[in-house]
Amino acid sequence: MQYWLIKSEPFKWSWDQQKEKGTEHWDGVRNYQASNNMKAMKIGDQAFFYHSNKGLEIVGIVEVVKEYYPDHTDPKGRFGMVDFKAVKDMPKPVTLKDIKATPALADMALVKQSRLSVSPVKKDEWDLISKMGGL
DNA sequence: GCCAACGTTGGC
DNA sequence: GCCAACGTTGGC
């Protein structure tokens, strides 16, 4: 069981839309590091759903329901995607500010590599953020 | 809206 | 295979 963090700009694809749709394929990733992270995902892995640009907070949790397969929106066929299903809300969204203010979370890719849109999360980071989010 | 960080492209 | 130019992301 592995944990991840995925980012979405809420005016492109928001947590509300994800919840309404239930399951959505995560297309449009055009970065090898992010793509490789998705390749490593297994069914049942969970991920934090983070709003970038606007909001800047973790608003919910999704689960991998389909493993890496080709992204049909990539004209060159180099990148793939996975499907995520909305699982639950963060009762109390955890903001980037909160994360930056927490020394135990300072090593997260979210902080260190702000442009990476799909990144791994360690179990202790996952547990701590879940607790901060009221779960 | 600006700009820093950083990944990608393409000429050599 | 190097590296400058360029494009994109995302926090502020």
Side-chain angles (χ1 to χ4, degrees):
Chain A
M1 173 75 173
Q2 294 179 96
Y3 301 99
W4 309 92
L5 183 144
I6 58 172
K7 294 184 191 179
S8 185
E9 300 177 40
F11 39 86
K12 271 199 200 150
W13 182 254
S14 71
W15 176 237
D16 281 342
Q17 285 171 291
Q18 178 78 42
K19 277 194 294 183
E20 198 175 318
K21 183 111 189 271
T23 297
E24 177 69 330
H25 49 264
W26 210 252
D27 64 13
V29 172
R30 295 291 180 269
N31 171 287
Y32 286 109
Q33 229 183 319
S35 195
N36 282 335
N37 286 333
M38 288 201 294
K39 208 179 282 182
M41 290 180 185
K42 296 275 181 259
I43 286 176
D45 281 1
Q46 296 198 315
F48 288 129
F49 191 107
Y50 174 81
H51 276 164
S52 63
N53 273 306
K54 280 272 162 56
L56 309 185
E57 56 191 11
I58 293 168
V59 286
I61 291 174
V62 294
E63 182 180 315
V64 177
V65 291
K66 182 169 179 179
E67 292 174 15
Y68 197 80
Y69 61 106
D71 179 348
H72 56 85
T73 68
D74 176 14
K76 295 189 177 160
R78 289 187 293 193
F79 296 97
M81 60 189 178
V82 299
D83 288 3
F84 290 118
K85 184 178 76 174
V87 176
K88 59 184 147 192
D89 290 307
M90 283 318 247
K92 193 170 147 291
V94 178
T95 66
L96 182 62
K97 227 168 117 190
D98 295 337
I99 290 168
K100 284 187 168 171
T102 306
L105 302 175
D107 277 341
M108 290 185 70
L110 181 67
V111 179
K112 294 196 133 176
Q113 237 183 311
S114 67
R115 292 184 56 221
L116 185 60
S117 58
V118 179
S119 58
V121 174
K122 296 194 197 83
K123 175 144 194 356
D124 48 352
E125 292 166 345
W126 180 273
D127 291 343
L128 181 54
I129 291 171
S130 298
K131 200 191 291 176
M132 288 163 69
L135 289 171

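Letters A, B, ... mirror the listed sequences (proteins, then strands); counts begin at 1.
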Base of C/dT8, side chain of A/R30 - is there a donor-acceptor contact under 3.5 Å?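 For A/R30, whose side chain was compared with the base of C/dT8, there is no donor-acceptor pair (under 3.5 Å).
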Of all the nucleotides listed ([options]), which has the minimum atom distance to the side chain of [X]?
{"X": "A/S114", "options": "C/dG10, B/dG7, B/dC6", "result": "C/dG10"}
{"X": "A/Q113", "options": "C/dG10, C/dC12, B/dG7", "result": "B/dG7"}
{"X": "A/R78", "options": "B/dT9, C/dC12, C/dT8", "result": "B/dT9"}

First encountered from the 5' end of DNA chain B, between A/N53 and A/K112: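 Closer to the 5' end of DNA chain B: A/N53.
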Spacing of [X] atom [atom1] relative to [N] atom [atom2], expressed in whole Å:
{"X": "A/W13", "N": "C/dG10", "atom1": "CH2", "atom2": "P", "value": "18 Å"}
{"X": "A/F79", "N": "B/dG7", "atom1": "CZ", "atom2": "C1'", "value": "10 Å"}
{"X": "A/L110", "N": "C/dC12", "atom1": "CG", "atom2": "P", "value": "10 Å"}
{"X": "A/E9", "N": "C/dC12", "atom1": "CD", "atom2": "P", "value": "15 Å"}
{"X": "A/K12", "N": "C/dG10", "atom1": "NZ", "atom2": "P", "value": "8 Å"}
{"X": "A/R115", "N": "C/dG11", "atom1": "CZ", "atom2": "C1'", "value": "12 Å"}
{"X": "A/I99", "N": "C/dG11", "atom1": "CD1", "atom2": "C1'", "value": "13 Å"}
{"X": "A/Y32", "N": "B/dT8", "atom1": "OH", "atom2": "C1'", "value": "9 Å"}

Verify the contact: side-chain N or O of A/K7 to OP1 or OP2 of C/dT9, cut-off strictly under 4.0 Å; return yes or no.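 So the side chain of A/K7 is outside the cut-off, no N or O lying under 4.0 Å from OP1 or OP2 of C/dT9.
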Same cluster or not: are A/L110 and A/L128 linked, directly or through other Ile, Leu, Val, Met, Phe, Trp or Tyr residues, by side-chain heavy atoms under 4.5 angstrom apart?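 Linked within one cluster.
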Using a strict cut-off of less than 4.0 Å between a Lys/Arg side-chain nitrogen and an Asp/Glu carboxylate oxygen, indicate whether A/K19 and A/D89 qualify as a salt bridge.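 Looking at A/D89 together with A/K19, the answer is yes, because their closest N to O distance falls below 4.0 Å.
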A/Y32 and A/F79 aromatic centres sub-6.0 Å: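 Ring centroids of A/Y32 and A/F79 are less than 6.0 Å from each other.
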For a quick check of understanding: with a heavy-atom distance under 4.0 Å over all strands, which category does A/K100 fall into, base, sugar-phosphate or nothing?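 Contact class for A/K100: sugar-phosphate only.
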Assign A/N31 to base, sugar-phosphate, or nothing according to its heavy-atom contacts below 4.0 angstrom with the strands shown.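 Result for A/N31 = sugar-phosphate.
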Under 4.5 Å between any side-chain heavy atoms of A/K7 and A/L116, yes or no?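 Answer no - side chains too far apart.
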What is the ring orientation for A/H72 with A/H25, classed by angle as parallel under 30°, tilted 30 to 60°, or perpendicular over 60°?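 Taking A/H25 first and then A/H72, their aromatic rings stand perpendicular (interplane angle over 60°).
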